[in-house]
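Everything on this sheet refers to the single structure shown next.
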Amino acid sequence: MKTFKAAPLIFLLIYTSIGWPTHSVCKNSHLEIYYISCDPLQDFAFTLDSCSGLTTGSVNIRAATVLRHSIRELFVTVNLFFNGKSIPIFSRQLCEQNHPNLSFCGKKKGEHVYYEGPVSFRSYDIPHGDFNVTVELFNGDQHTIVCTNFTILSR
Amino acid sequence: MKTFKAAPLIFLLIYTSIGWPTHSVCKNSHLEIYYISCDPLQDFAFTLDSCSGLTTGSVNIRAATVLRHSIRELFVTVNLFFNGKSIPIFSRQLCEQNHPNLSFCGKKKGEHVYYEGPVSFRSYDIPHGDFNVTVELFNGDQHTIVCTNFTILSR
Amino acid sequence: ISCEVTRTVDKMCIEFIANRSYSCEDLGLEQIPEYLPFTTEVLDFSFNFLYALQSPTFSKLEDLVSLDLTRCQINWIYGGAFQSNSHLETIVLTGNLLLFLADEAFTGPSHLKHLDLTQTGLTSLEFIPMQDLGKLETLILGSNHIQSIQFPPDFPTKNLKYLDFQMNIIQKISANDIAILKKTSNLTLILKGNNIAVIEDRAFSSIFFYSLNFGGCINISVILDGLQGAETVVLWLGSFEDMAHGIDISVLMLQGICNISAHELNLQYHHFSQISAGTFQCLTKLQKLDLTHTFLKMLPPDIVSMNVLKELHLSKNDFMLLCDISSAAFPNLTHLFIRDNSEKLNLGSGCLETLSKLQYLDLSNSQVQSSDCCNQELRGLSSLRHLNLSYNRQLLLHNIAFEECANLVILDLAFTQVTTSEPEGPFRNLHLLQSLNLSYCQIGSSIQYILQGLESLNVLNLRGNNFESGTMLNDNVFRQTPNLEVLILSSCKLPGIQTKAFYALRKLKHVDLSYNNLIAFSSDIFSNLRSIYLNFANNKIRIIPRDMLTSLSGKSVINLSYNPLECTCSNIELLTWYKQNIDKIEDSDKTTCSEPKSLAGIKLFFVNLSCGHHTAQIILITLV
Amino acid sequence: ISCEVTRTVDKMCIEFIANRSYSCEDLGLEQIPEYLPFTTEVLDFSFNFLYALQSPTFSKLEDLVSLDLTRCQINWIYGGAFQSNSHLETIVLTGNLLLFLADEAFTGPSHLKHLDLTQTGLTSLEFIPMQDLGKLETLILGSNHIQSIQFPPDFPTKNLKYLDFQMNIIQKISANDIAILKKTSNLTLILKGNNIAVIEDRAFSSIFFYSLNFGGCINISVILDGLQGAETVVLWLGSFEDMAHGIDISVLMLQGICNISAHELNLQYHHFSQISAGTFQCLTKLQKLDLTHTFLKMLPPDIVSMNVLKELHLSKNDFMLLCDISSAAFPNLTHLFIRDNSEKLNLGSGCLETLSKLQYLDLSNSQVQSSDCCNQELRGLSSLRHLNLSYNRQLLLHNIAFEECANLVILDLAFTQVTTSEPEGPFRNLHLLQSLNLSYCQIGSSIQYILQGLESLNVLNLRGNNFESGTMLNDNVFRQTPNLEVLILSSCKLPGIQTKAFYALRKLKHVDLSYNNLIAFSSDIFSNLRSIYLNFANNKIRIIPRDMLTSLSGKSVINLSYNPLECTCSNIELLTWYKQNIDKIEDSDKTTCSEPKSLAGIKLFFVNLSCGHHTAQIILITLV
Ligand SMILES: [Cu+2]
């Protein structure tokens, strides 16, 4: 039975060696955004109708994933990587154990979650420069639900 | 490019060597029915609620397949194999090119076709003995849509 | 003797047209094979495994025009999946459960014309990114779970000709939903198999369709209310044998058609339990009317004249007498179908007399029986070119059977018992007849004179008649039909063929003699062997001498399958010729040895005989 | 020096309990591995590839009790697929697009209790063969395309406790549809996310539910009409943040509840724009009421007394003053939630005075600010045991802060600025307090006296306070809380720890000192090291001498990750101990070398140092 115990270790190796492809999010003269999944288990599906919406505070997105773990509890954190430092910029609990605020709270392992439509947020000016933003969703057991690393090139 | 032309030949070999599993249709003290797909490309999904319905003229079935070819035209033939001879017992055109009698006529390659519900037919006494009945559905290009070989053990 | 088969199961795609067209169907592939040339234009990649389409997936096939991805387990289509395929016109995604289509999923092919999304699990139109679909001509969305046809504002209407929503779950249609279709013209819109319960009144008004299909929608009233003011060439409102027949079509319901412009109307498989002249009141502008299987026993004699009606389908109904269709109301009819009548159809006398323009008449499989066919019955049909009386009961032909139908080109009597009473040909006035089907007509010895006068005959099917006494087919029989090109004599119990039987047939190209009792393959009975097709399958041929084979030149093809061919040195001439002429053989897979027992069932092609002076040595080669 | 990693990528299932429980999740398998023992009872086979289930598929695993087949691309389940698995109680088929279930698909497991068919593409209940499901307790049919809940006559009702139809497309429910549910009792029926537009009046009458969930159904009137005469413990009618809020809840609508027996009612995320005493008229029998996010500014003062109400949720509303909730109407309340109030919540004075039975009060994240917290504000709450004031603005605590709440067991002030004005502990009367959360409270030097009197304190969270001057935590601080078991001091900018600081804490079990500036791992400051958890992650520790480690006996666990540990001979004592005590290490994957540069980032476990008399030799072992 020795072989059984090797599995988690191997798993880790695959994580570090197999990368997901880089996807383009949007591109205009001022802004280029790419993303890459940082979830070892799967790629993430995401698109944005245009870059320009990002500065006006409303964009249309499509996003989809297959849950690898249930989301009775769900948290989101957004971190900015700048000059090698990780700066937390946003963090919120999206689903509470016994208080499902969002209709998809409580979905289980294996379910497909899809959102298509507008997303609005506080509009802000994207500073010039190249930086990375990591968006991570995880559940109450700290399992990664979605992990996405955005590369933003702003001119 | 020589290798390309070998494909059909290989295909044939697979047909004759890979068999589909035998499925049980029903079983009671008088009757046992099994079937096996005779379509080289795929197995066939079929169940019958009970053997006894076969002698009363009405049974509930479930049947499903994925079409490998379109069925603008569709024909069914039923042959009885008895003492090594093939005796045609039923033959009908189910779909006509420009006259779709059945709602599924005209479905295309890749579509899933599913039927669930009652089927009635002229009731008949199943003679004693072991015999085989082959049901074959094919389209206007003579491509096999479904081919099923039933083994009937009647006591 | 052992027979070994080696398998090379490295599956390769099939080449249809070198460097241009390939099929990789069902090869278990997980990516596009490297060996496909960059110039590939047509690729059938159906029934493989792709899971996700990314920008590199098809990046090497820059010349692709048509791509079939049916049932490839594709769940994800990311942005730029087709970005290298700027010439792509057709993408088939049938049977893939799509979990995600990126906004830029279809970016790249700037002339994408045909997109097939059948059974892809769609629940709404918004799932499909429209931004790159502006040139679309065909959009197929059948067998999904779409509840509403609210089109997004950027829905492509410019070139759209074919929009298929069949087998979705659309229950309601509002005028707003489909207002955008006013920008299309000649659109074919298919809503078949949706259980439509509500359409806003006049929702379809002022839209110009080529075809509107509401097949299987039970409530015709609802649909006609919604269609008030619409224009379409074809209006398909029929139902199906496997669907509930729904409510009776009443006179009142069909009055809605007065305000719809349609040339062709299909109402098959609906109930017309009470039919009256009023039923047809709003149908007078129709050119084609299909009333197949509508429980009709008669058409009322007082129907207003339908002067423009050219084609009428009355098959699968319950007429007793042909006169009950009241043919006088359709004076300009060219095509009439009364097939599969549930009752024994009495042809009456002159029932179709007024149909002087009728060209096509189908009365097949309607239990027709006539003891003096068919001059009275078909009186007046002077324009008739195609007559189908097949699968009926019995026709007795006295003297000239189709006197007034001298322009007949095609006559089909298959599976109908044909009896002639005098030794003069019943068809002898049909000088224009090109095709005659007499299969399973039990004609027997009357073959001697039945072909009399058929000097234009091109195709003759005699399958399933009993010519057990082979002498029936003497050299006089086919002298009457010198232009015959296709002759079917299969399943005729022929024991042999007279040497001169086919000698007069200099144009003969296709002869089917399968399923007889022939013991000899005699090619010398045909006068022209340059490019002939000879089917001798399922006979009793054991040995074929060399001279019967060598005369088969050019593009000739023979079928010798299911004959008890000997693979012994007595038959070495066939075996040698066979290997050298495999391109002339049809069904070589079923062309096998019967003797010696050790080789029984082995394909002729794989047998190598060494026939020495005294000994015969048998060698089997193995398949590569 | 080279570092070589060999990969063995033959993926194997993970064993959880020897011979009984295994996970083969996401290993790309196409069949059940042969090496799984016959005795396997629990198998997670999710995210593999099976395509079709046949009778041989699971035939060897005769002891299976629970089988997870989530997303295995299963399309076909043939008869007898589980015929060998007679003990099987749970089958999860989530995310497989089922094209066919044979009548005998579930034959075999005679005690099948839980069947999960979430997202399997179902369009009707008839697709599921019921013949072997008689013992079913849980049936999950969520996220399919079911339009109608017409149950077949053999639908299993005997043991059924949980029936989930969430996220289907059910629009209509008739009394006939669900009549069969009268045979169940205490059923949980989930219809969340169906856009229900029509329910037959009293369709649910005389059915006894445990829970009825119509979450996200917009038209509450329709639902309440259908529920007339029904009995249920829980009635969940709430909506969601990501859904349309739908129509206003009117007084009239809620009158329907008078004829429904329910103990708990959820109406979250609906609109109550006009609220009056009448609104609550039919709610007087409720024990629990959830009005989270219902746009409430106040509850009317003239509400009839809700004497049995024990739990009230008013979070995410728009109250200005705590008195506006009219607490006098709920005299027996034990739990009250007013979290995430959108306005700055003024606690007023004695607003909750009448709630003498209140045990649990949550006022977190409501922008509360108080300059003399909290005796007036919480007057009368003598039963209070759990108080949450976290994520508020600022509380000034003068003298004894919770005078009347002497029974408090849990107090949470995290992320709220806490200021004390005198050198006497504001909590010194809370002798029963077991858990105190002061994380990110900016308490600084007041730590000296703030713990005064907390002799029962068990858990203390001080994370994120600034104790930059390490001397603040002298030996007197924790002498006040001798029963402390869990102490969180992470992110406190601690430069070091006084030798005697924790000496009084003889029961300490869990200490988190991560994210500080500690340079030494000093285990000797703890009086009991038999089974302690010490988290020193993210500090500045380079070298750990042997004597700090050897004292860690028994079940102790330490976390040294993200420290700049040296992998040189100066640290050979740590490196040697580490390898021998890997079971005592948490986060060994992130416990890596910083020095020498050549080994930077390599995990400590894989480093083998040979430290001779004069030379140091470094050997890296390779991973098996
Ligand atoms: Cu679906």
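Within every chain, numbering begins at 1; the chains are lettered A, B, ... in the order of the sequence lines, protein sequences first and strands thereafter.
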Those residues at least two apart in sequence (or on a different chain) that pass ring pair (Phe, Tyr, Trp, His ring centres under 6.0 Å) with D:F100 are none

Across all chains, not counting sequence neighbours, the ring pair (Phe, Tyr, Trp, His ring centres under 6.0 Å) partners of D:F204 are D:F209, D:F214

Across all chains, not counting sequence neighbours, the disulfide (SG to SG under 2.5 Å) partners of D:C24 are D:C13

Dump the table of donor-acceptor contacts under 3.5 Å between chain C and chain D, or return none if there are none.
unit_1 : atom_1 : unit_2 : atom_2 : d
C:H145 : NE2    : D:H145 : NE2    : 3.2

